[in-house]
> 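The structure's right below; bear with me while I get my questions together.
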Amino acid sequence: MINGKLIKVCGMRVADNIAEVESLGVDLMGFIFYHKSPRYVFDMPAYLPTNSKRVGVFVNETKEMVHTIADRYGLDYIQLHGNESPAYCKSLQQCGMKVFKAFSVDKPKDLNGVEEYHGLCDYFVFDTKCEQYGGSGNQFDWSLLDEYKGNTPFLLSGGINLYSAKALKEFQHPQLAGYDLNSRFETAPGMKDIGRIQLFLKELQQQD
């Protein structure tokens, strides 16, 4: 954690790169099991993190497949990035799984349905709204989250980059639990730039 916030790096796929990112001390690493994603994990990496928690990202997947992949990859969390219902989230929790639920944000009304998921997810992820499932690499207006009054902690996602550290330190919300990094820290889909992440984490740690 940095300044009391979780650091999650998503879209991991290559064994050596996974080990390098883990060595930076990140809390969570995301693995995408959605076949239309350019970061889709189509084969088991030769190395999976042992210190960073493993998060599996799914989009409108069957519960049976989620269970199968969770067992195979030893997932610590399930992140749902599609149109999964509150009942779907509840069923995973009842099976002992910890759940992230992602919501795409563009306008205040995009937060309207979030309250239905309270108590059924361990964390929310607020991401930038885009046409496809998953990230756009763009940042949404974080001030929209002033309208979020719920009790479920959340991770901020969408377009966070090397130069976002100052703005992230200035952004305050009682339920802000961490930051989700992905495409803006890549040299290619699924391959993270270690130097860029190091610089970002250093900037985040510095006291202004």
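Below, each value reflects all heavy atoms present in this structure, side chains not excepted, and no hydrogens, waters or symmetry copies.
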> Test T152 against Q175 for side-chain contact (heavy atoms from CB on, under 4.5 Å), laying out the working first.
CA-CA 7 Å; T152 303; Q175 297 303 339; over 6 Å; no
> For C10 and D180, work out which heavy atoms get closest and say how close.
CB-OD1, 3.5 Å
> Please report the closest heavy-atom contact between A70 and I78, naming both atoms and the distance.
CB-CD1, 4.0 Å
> Is there side-chain contact between R54 and P49, with at least one heavy-atom pair below 4.5 Å?
yes
> Considering all heavy atoms of both residues, which atom of R39 and which atom of S183 are nearest to each other, and what is their separation?
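That closest heavy-atom pairing would be NH2-CB, 3.4 Å.
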> Can you tell me if E22 uses its side chain to pair, donor with acceptor, with the backbone of N51 under 3.5 Å?
yes
> Working to the nearest 0.5 Å, report the span between OG1 of T62 and CD of E64.
5.0 Å
> Are any of the side-chain heavy atoms of L120 and L92 separated by less than 4.5 Å?
no
> Group every Ile, Leu, Val, Met, Phe, Trp and Tyr by side-chain heavy-atom contacts under 4.5 Å, then state whether L111 and W142 land in the same group.
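Looking at the clustering, W142 is in the same group as L111.
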> Would F126 and F140 count as a close aromatic pair, with their ring centres under 6.0 Å?
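No, ring centres 6.0 Å or more apart.
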> Given 3.5 Å as the limit, does a donor-acceptor pair link the side chain of N60 with the main chain of N83, or not?
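Yes; judged by distance alone, with no hydrogens or angles, the pair exists.
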> Between M1 and L24, is there a shared hydrophobic cluster once you connect ILVMFWY residues whose side-chain heavy atoms come closer than 4.5 Å?
no
> Show your working on side-chain contact (heavy atoms from CB on, under 4.5 Å) between L75 and V55 and close with a plain yes or no.
CA-CA 6 Å; L75 300 179; V55 183; over 6 Å; no
> Does NZ belonging to K90 count more than 12 external heavy atoms closer than 6.0 Å?
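Not buried by this count: 12 neighbours or fewer within 6.0 Å.
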> Would you find a donor on one side and an acceptor on the other, under 3.5 Å apart, between the side chain of S157 and the backbone of V125?
no
> Could you check, using the six-membered ring where one of them is a Trp, whether F124 and H118 have ring centers closer than 6.0 angstrom?
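Here the rings of H118 and F124 have centres that are less than 6.0 Å from each other.
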> Aromatic contact between H81 and F58, with the criterion being ring centroids under 6.0 Å apart: yes or no?
no
> Salt-bridged, E203 to K166, with N to O below 4.0 Å?
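Looking at E203 and K166, the cut-off is not met.
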> Ring centroid separation for H173 and F154, is it under 6.0 angstrom?
yes
> Should we say atom CG of D141 is surrounded by more than 12 heavy atoms from elsewhere, each under 6.0 Å from it?
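More than 12 within 6.0 Å, yes.
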> Does the ring of F103 carry K101 above it, NZ/CZ under 6.0 angstrom from centre and within 45° of its axis?
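Output yes; distance and angle both within limits.
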> Do L204 and Y179 come close enough that some side-chain heavy atom pair is under 4.5 Å?
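The answer is yes, as the side chains (C-beta and beyond) meet within the 4.5 Å cut-off.
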> Once you round to the nearest 0.5 Å, how far does CD1 of I197 lie from CG of L199?
10.5 Å
> State whether a side-chain donor-acceptor pair under 3.5 Å links E61 with Y34.
no
> With side chains defined as the heavy atoms from C-beta onward, is the minimum distance between V9 and L28 less than 4.5 Å?
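The answer is no; the side chains never approach within 4.5 Å.
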> Does one hydrophobic cluster hold both M29 and I69, with members joined at side-chain heavy-atom distances below 4.5 Å?
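Result: yes, single cluster for both.
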> Return the OH to OG distance between Y117 and S85, rounded to the nearest 0.5 Å.
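Spacing of OH (Y117) from OG (S85) equals 6.0 Å.
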> Rounded to the nearest 0.5 Å, what's the gap from CD1 on I2 to CG on D27? Could you check?
8.0 Å
> Do the non-hydrogen side-chain atoms of D43 and R13 ever get within less than 4.5 Å of each other?
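No. Closest side-chain heavy atoms not under 4.5 Å.
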> Do Y88 and V66 come close enough that some side-chain heavy atom pair is under 4.5 Å?
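Y88 vs V66: side chains touch.
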> Measure from the side-chain N and O atoms of N112 to the backbone N and O of K109, and report whether any donor-acceptor pair falls under 3.5 Å.
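Flag set: sc N112 to bb K109 pair under 3.5 Å.
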> For L176 versus K5, what's the shortest heavy-atom pair and its separation?
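Taking L176 first and K5 second, the nearest heavy atoms are O-CE, 3.3 Å.
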> If the threshold is 4.0 Å, N to carboxylate O, is there a salt bridge linking R196 and E186?
no
> Between CG of L156 and OG of S164, what distance do you get to the nearest 0.5 Å?
9.0 Å
> Looking at the rings of F33 and Y73, which for Trp means the six-membered one, are their centres under 6.0 Å apart?
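Yes, the ring of F33 comes within the 6.0 Å limit of the ring of Y73, centre to centre.
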> Let me check something: do F31 and L80 share a hydrophobic cluster, defined by ILVMFWY side-chain heavy atoms less than 4.5 Å apart, either directly or through other members?
yes
> With a 4.5 Å heavy-atom cut-off, do I160 and L168 have their side chains touching?
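Heavy-atom side-chain distance check passes, below 4.5 Å.
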> Measure the spacing between CE of M12 and CG of L48 and express it to the nearest 0.5 Å.
10.5 Å
> If you take all heavy atoms of P153 and A177, which pair is closest and at what distance?
CB-CB, 3.9 Å
> Consider only side-chain heavy atoms of I, L, V, M, F, W and Y, link residues closer than 4.5 Å, and tell whether L6 and V21 are in one cluster.
no
> Does a donor on one side chain and an acceptor on the other come within less than 3.5 Å for Q79 and K8?
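Their side chains do contain a donor-acceptor pair, which is all the 3.5 Å distance test asks for.
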> Are L155 and F100 side-chain neighbours, meaning at least one heavy-atom pair lies under 4.5 Å?
yes
> Is it true that, when you exclude Y47 itself, more than 12 heavy atoms of the residues, nucleotides or ligands shown sit nearer than 6.0 Å to its OH?
yes
> Short question: side chain of N17, backbone of K192 - any donor-acceptor pair under 3.5 Å?
yes
> How close do C89 and C121 get, counting heavy atoms only, and between which atoms?
SG-SG, 3.9 Å
